[in-house]
Number of protein chains: 2
Amino acid sequence: MVEAPRNTRQRRAVAELMEDLDGFRSAQQIHALLESRDQNVGLSTVYRTLQALADADEVDALRSDDGETLYRRCSRGHHHHLVCRDCGRTVEVEGPTVERWADRVAEENGFADISHTLEIFGTCASCRP
Amino acid sequence: MVEAPRNTRQRRAVAELMEDLDGFRSAQQIHALLESRDQNVGLSTVYRTLQALADADEVDALRSDDGETLYRRCSRGHHHHLVCRDCGRTVEVEGPTVERWADRVAEENGFADISHTLEIFGTCASCRP
DNA sequence: AGGAAGAGTGAGAACCGTTGTCAAATCGTG
DNA sequence: CACGATTTGACAACGGTTCTCACTCTTCCT
């Protein structure tokens, strides 16, 4: 049995903020957003808390093209993302076909302990002329 | 018309090394490998050369989970990778099914100008106990 | 409630991959 | 060969992230 994390003002602030956001944000953006809500939380703590939330599968983390880690509250379970590259709006998608394909390809080549990353980027309807 | 790059010892050394490797390597690993071949090339130059090769589509670049950019000589054309997370050995794979799935999902959600990233990580047969 | 134990916090330093700087070396053309 | 433009490389700078450690706060026990 793992130790439950303590219920601190900082963790509450981060978790509540994540509830209110609906796109991927960097740790630094989240830190800044907390300040603008007069909920000051140290940058280290923001990083630690987001990692903890990601470990607990309460947020998803993905790496942007320029190397930042982005976080977003997401539904549980394995899924992928369709992300608008203009406004950041994100749709969660599932692809059982893809999962099966990935497993089969890996197995055919003698690979085990498979994981995969799959993200789709595009321009959403409201960001198009 | 773009200016052709000069034919320097350093560029030749990097290009030749990439020919001999068959997995994704970080810029720093490539720099170290060059030293072990007595082909000293400055680290800045390694970075610059790899970026140039990637821009020219002569190598593929992808970001590892821990944020490093990894490079590998690859065949042209759209494909994905099955990468061993221990030894870096890489198999190029194609997934017409996945391509179609991604396009359909994007279209259903009103997204256009689609691109996607898909990499599969696992442990290859020879890296398993 | 009071208090001890120890998890959590945060300011700043450290870290690490990567990019920028600029004087010196090199390429290749005239 | 000589010249000008490109390239190189030692080193500094940068940016995101992690570490450190003294101090704070939660929690649990009585």
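To find a chain, count down the sequence lines: A is the first, B the second, and so on, and within it residues start at 1.
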Enquirer: In whole Å, I'd like the distance from the CG atom of B:Asp66 to the C1' atom of D:dT18.
Expert: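 That distance rounds to 13 Å.
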
Enquirer: Just the table, please: protein N/O against nucleotides 19-25 of chain D N/O, every pair under 3.5 Å.
Expert:
residue: D:dC19; atom: N4; partner: A:Ser44; partner atom: OG; Å: 3.0

Enquirer: Taking only side-chain nitrogens and oxygens of A:Tyr47, does any of them come within less than 4.0 Å of OP1 or OP2 of D:dT18?
Expert: no

Enquirer: Take a 6.0 Å sphere around CD of B:Glu107 and say whether it holds more than 12 heavy atoms from other residues, nucleotides or ligands.
Expert: no

Enquirer: How about CD on B:Glu94, more than 12 heavy atoms from neighbouring residues, nucleotides or ligands closer than 6.0 Å, or not?
Expert: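 Check fails, neighbour count at 12 or below.
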
Enquirer: For residues A:Phe24 and A:His81, establish whether the separation of their ring centroids is below 6.0 Å.
Expert: yes

Enquirer: Is the phosphate of D:dT18 approached by A:Gln51 (side-chain N or O, under 4.0 Å from OP1 or OP2)?
Expert: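 Checking A:Gln51 against D:dT18: at least one side-chain N or O falls below 4.0 Å of OP1 or OP2.
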
Enquirer: Would you jot down, in residue-number order, the residues of residues 17-43 of chain A having a non-hydrogen atom under 4.0 Å from DNA chain C?
Expert: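 Heavy-atom cutoff 4.0 Å gives A:Val41, A:Gly42.
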
Enquirer: Rounded to whole angstrom units, what separation is found between the CG atom of A:Leu53 and the C1' atom of C:dG8?
Expert: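 So the CG-C1' distance, A:Leu53 to C:dG8, works out to 14 Å.
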
Enquirer: Mind calculating the distance between CG (B:Leu70) and C1' (C:dG17) to the nearest angstrom?
Expert: 12 Å

Enquirer: Measure the distance from CG on B:Leu50 to P on D:dT8 and round it to the nearest whole Å.
Expert: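 Atom CG in B:Leu50 sits about 12 Å away from atom P in D:dT8.
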
Enquirer: Out of C:dT19, C:dT18, C:dG10, which has the shortest distance to the side chain of A:Arg9?
Expert: C:dG10

Enquirer: Strictly under 6.0 Å, is that where the ring centroids of B:His80 and B:His116 end up?
Expert: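 Yes.
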
Enquirer: Can you check the B:Gln10 CD to C:dA24 P distance for me, whole Å?
Expert: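 After rounding, the gap between these two atoms is 18 Å.
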
Enquirer: Could you tell me the separation between the CG atom of B:Asp65 and the P atom of C:dG17, rounded to a whole number of Å?
Expert: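 These atoms are roughly 15 Å apart.
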
Enquirer: Would you mind reporting whether A:Ile120 and A:Val83 have side-chain heavy atoms less than 4.5 Å apart?
Expert: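 SC-SC contact between A:Val83 and A:Ile120 ruled out.
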
Enquirer: Just wondering, more than 12 heavy atoms not from A:Asp65 lying within 6.0 Å of its CG?
Expert: no

Enquirer: Could you check if a side-chain atom of B:Asp60 sits within less than 4.5 angstrom of a side-chain atom of B:Leu62, using non-hydrogen atoms only?
Expert: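 Side chain of B:Asp60 against side chain of B:Leu62, heavy atoms only: no contact under 4.5 Å found.
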
Enquirer: Take the protein atom CG of A:Asn7 and the nucleotide atom P of D:dT26, then report the distance between them rounded to whole Å.
Expert: 8 Å

Enquirer: Output yes when A:Arg37 and A:Asp20 qualify as a salt bridge under the 4.0 Å nitrogen-oxygen rule, no when they do not.
Expert: yes

Enquirer: Please indicate whether B:Glu92 has more than 12 foreign heavy atoms, meaning atoms of other residues, nucleotides or ligands, lying under 6.0 Å from its CD.
Expert: yes

Enquirer: Would you indicate, yes or no, if D:dT26 has its OP1 or OP2 atom less than 4.0 angstrom from a side-chain nitrogen or oxygen of A:Arg11?
Expert: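 Answer no for this pair, as no side-chain N or O of A:Arg11 is under 4.0 Å from OP1 or OP2.
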
Enquirer: DNA chain C: A:Pro5 or B:Arg12, which has the more 5' nearest nucleotide?
Expert: A:Pro5

Enquirer: Any side-chain N or O of A:Thr69 less than 4.0 Å from the OP1 or OP2 oxygen of D:dG16?
Expert: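 Indeed not, no polar side-chain atom of A:Thr69 lies that close.
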
